[in-house]
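Along the sequence shown, residues carry numbers from 1.
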Amino acid sequence: MADNQVEIKLIALDMDGTLLTNKHEITEDTRLAIKEAREKGVKVVLSTGRSYKNCHGHADALGLDSYLVTVNGSEIWDESRNLVKRTVMKPEYIEWMWGLAQQYQTAFWAINTEETWRNDMPKDLYEAEWMKFGFNIADVEIRETIYNKLKEKDEFEISNSAPDNLEVNCRGINKARGLELVCGRLGIELKNVMAVGDSLNDMVMIKEAGIGVAMGNAQETLKKEADWITSSNEDDGVAKAIRKWVLTEA
C-alpha cells in the first residue's frame, strides 16, 4: 500500500476520464496543482491511450517539457517531442480485428502512425504502421465473445478505456512498460512514481507505481487495485491527488 513517506519524482497521468473533464477540458485547479508540482521539480508525464497527434496539444497547454507515453505505451516521446520508441502491430492482425468488427457489427477505431481511423479503414491496410485497434461494444455477450477470440490468439495486450470497449495493443505493451523506459532514462524508480487513471489500460501502471491512484469515476476493478481513490474527473480528482501525495497537503 501507499507510503506517505515515498518521495514522488514523477506523476503519470491518464487523460480521458482522469486529467480531462467530460468536456475534454483541464480545470484551473488541476492546472495549478500540476504547475506547483513542476515547480517543486517533479516530472509530469501524460500516459494515454491517445495518439501523439491527439495528446501533445494538452501537454503543450500545460507547459510540460517531459516525456509522453502514447497509444498505451506503443510510442514514447522525449522532452523535445522526438520519438524514442515505437512498437507496431502486424497489419494482418489489424485486418483480422477489422473483420471481427464487421462480423459482429461493432463500432471500432484504429490508430496508425499517421492518424486515428473511426468506423472506417484505408483501402490498403498494409501501407501504414498500426499500433492499436479498439472495439466499442455495448452488448455484453458480443464483447465477451470478441474478448475471448482476442485472448485465444495470445498475441495481444487487451485492456479498455471505458467499460464498454476493448483496446488491443501488441503483447507486452502497456503504460507501465512505457513509464519504465521513461524512468530508466530519467534515473527514477517506479516506486517514486504516482500514477493516476480510471480504466483497465491504467491497471498495470497503477499496480506498479509507488502510489497508484484511481479516480472517483474509475472502474471498480481498478479501484480495488489502487492505493488511494481520489474524487472524479469532474471534481478535480487529479489536483487532489497531487496535493495529497506530492504537495503534502491534507
Side-chain angles (χ1 to χ4, degrees), residues 14-16 20 24 45-60 67-139 142-143 145-162 164-182 185 199-202 204-205:
D14 170 54
M15 290 181 64
D16 295 287
L20 304 178
H24 305 293
V45 171
L46 300 188
S47 186
T48 178
R50 291 187 179 209
S51 67
Y52 173 80
K53 189 175 181 179
N54 290 325
C55 82
H56 76 87
H58 290 286
D60 294 344
Y67 283 72
L68 295 173
V69 176
T70 64
V71 203
N72 289 340
S74 291
E75 289 184 334
I76 314 297
W77 302 81
D78 70 14
E79 299 100 327
S80 302
R81 306 293 191 256
N82 295 314
L83 183 67
V84 173
K85 184 179 180 183
R86 173 182 287 148
T87 304
V88 298
M89 190 177 285
K90 293 178 181 178
E92 50 262 42
Y93 290 158
I94 295 292
E95 189 172 41
W96 177 72
M97 287 185 277
W98 183 29
L100 285 180
Q102 292 172 304
Q103 179 184 346
Y104 291 95
Q105 298 182 318
T106 76
F108 68 89
W109 77 101
I111 297 177
N112 64 31
T113 55
E114 300 300 321
E115 61 184 296
T116 299
W117 291 77
R118 297 187 184 278
N119 300 319
D120 191 21
M121 292 293 267
K123 287 182 180 178
D124 188 353
L125 297 179
Y126 290 76
E127 281 187 345
E129 289 187 305
W130 298 93
M131 294 174 287
K132 185 174 84 168
F133 195 94
F135 300 85
N136 282 316
I137 315 169
D139 186 290
I142 292 176
R143 191 163 64 246
T145 297
I146 290 179
Y147 175 85
N148 289 331
K149 287 181 179 293
L150 293 166
K151 200 77 176 170
E152 284 170 14
K153 281 275 190 188
D154 197 29
E155 292 287 347
F156 308 120
E157 192 91 1
I158 309 166
S159 62
N160 74 22
S161 56
D164 62 353
N165 74 30
L166 295 171
E167 294 202 341
V168 189
N169 291 83
C170 293
R171 183 172 54 190
I173 294 299
N174 56 58
K175 295 180 180 183
R177 300 287 69 77
L179 286 172
E180 190 174 50
L181 187 152
V182 170
R185 290 172 70 100
S199 298
L200 298 190
N201 62 0
D202 303 308
V204 187
M205 75 169 182

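- Looking at I111 and Y52, their side chains never come closer than 4.5 Å, going by heavy atoms from C-beta outward.
- When atom types are taken as modelled, the side chain of N119 and the backbone of A107 share no donor-acceptor pair closer than 3.5 angstrom.
- Between M97 and M89, the closest side-chain pair of non-hydrogen atoms falls below 4.5 Å.
- A heavy-atom distance below 4.5 Å is not found between the side chains of N174 and M205.
- The closest side-chain heavy-atom distance from Q102 to F108 is not below 4.5 Å.
- The residues K149 and E152 are annotated as not salt-bridged, no charged nitrogen and carboxylate oxygen being separated by less than 4.0 angstrom.
- Remark: the backbone N or O of S161 is paired with a side-chain donor or acceptor of N165 at under 3.5 angstrom.
- Side-chain contact check for W130 versus W117: some heavy-atom pair is nearer than 4.5 Å.
- Between D139 and I142, the closest heavy-atom pair is OD1-N, 2.9 Å.
- The pair R171-D154 counts as a salt bridge, with a side-chain nitrogen and a carboxylate oxygen less than 4.0 angstrom apart.
- The closest donor-acceptor contact from the side chain of N169 to the backbone of S74 lies at 3.5 Å or more, if one exists at all.
- Looking at E157, its side chain does come within 3.5 Å of a backbone N or O of G172 through a donor-acceptor pair.
- Checking V182, V45, L68 one by one against I76, the side chain to side chain contact (heavy atoms under 4.5 Å, CB included) holds for a single residue, V182.
- Looking at every heavy atom in both residues, I173 comes nearest to G73 through CG2-C, 3.6 Å.
- Side-chain contact between K153 and V168 is absent, with no heavy-atom pair separated by less than 4.5 Å.
- The side-chain heavy atoms of S159 and N72, taken from C-beta on, include a pair separated by under 4.5 Å.
- Annotation for C55 and L46: closest pair O-CD1, 4.1 Å, computed over non-hydrogen atoms.
- Applying the 6.0 Å contact sphere to CD of E114 captures no more than 12 heavy atoms from other residues, nucleotides or ligands.
- Without hydrogens or angle criteria, D164 side chain to I137 main chain gives no donor-acceptor distance under 3.5 Å.
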Side chain to side chain contact (heavy atoms under 4.5 Å, CB included) evaluation trace for E167 with W109: CA-CA 9 Å; E167 294 202 341; W109 77 101; 3.3 Å; yes
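- Formation of a donor-acceptor pair under 3.5 Å by the D202 side chain with backbone atoms of S199 is found in this model.
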Full working for ring-ring contact (aromatic ring centres under 6.0 Å, His included) between Y104 and F135: CA-CA 10 Å; Y104 291 95; F135 300 85; 9.0 Å; no
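- The two residues M15 and N54 make their nearest non-hydrogen contact at CE-O, 4.3 Å.
- The shortest side-chain heavy-atom distance between V84 and W77 does not fall under the 4.5 Å cut-off.
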Chi angles and distances behind the side chain to side chain contact (heavy atoms under 4.5 Å, CB included) call for Y126, I94: CA-CA 9 Å; Y126 290 76; I94 295 292; over 6 Å; no
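- When each of D16, D14, T116 is tested with R50 by the rule side chain to side chain donor-acceptor pair (under 3.5 Å), just one qualifies, namely D16.
- Ring geometry for F156 versus Y93: interplanar angle over 60°, hence perpendicular rather than tilted (30 to 60°).
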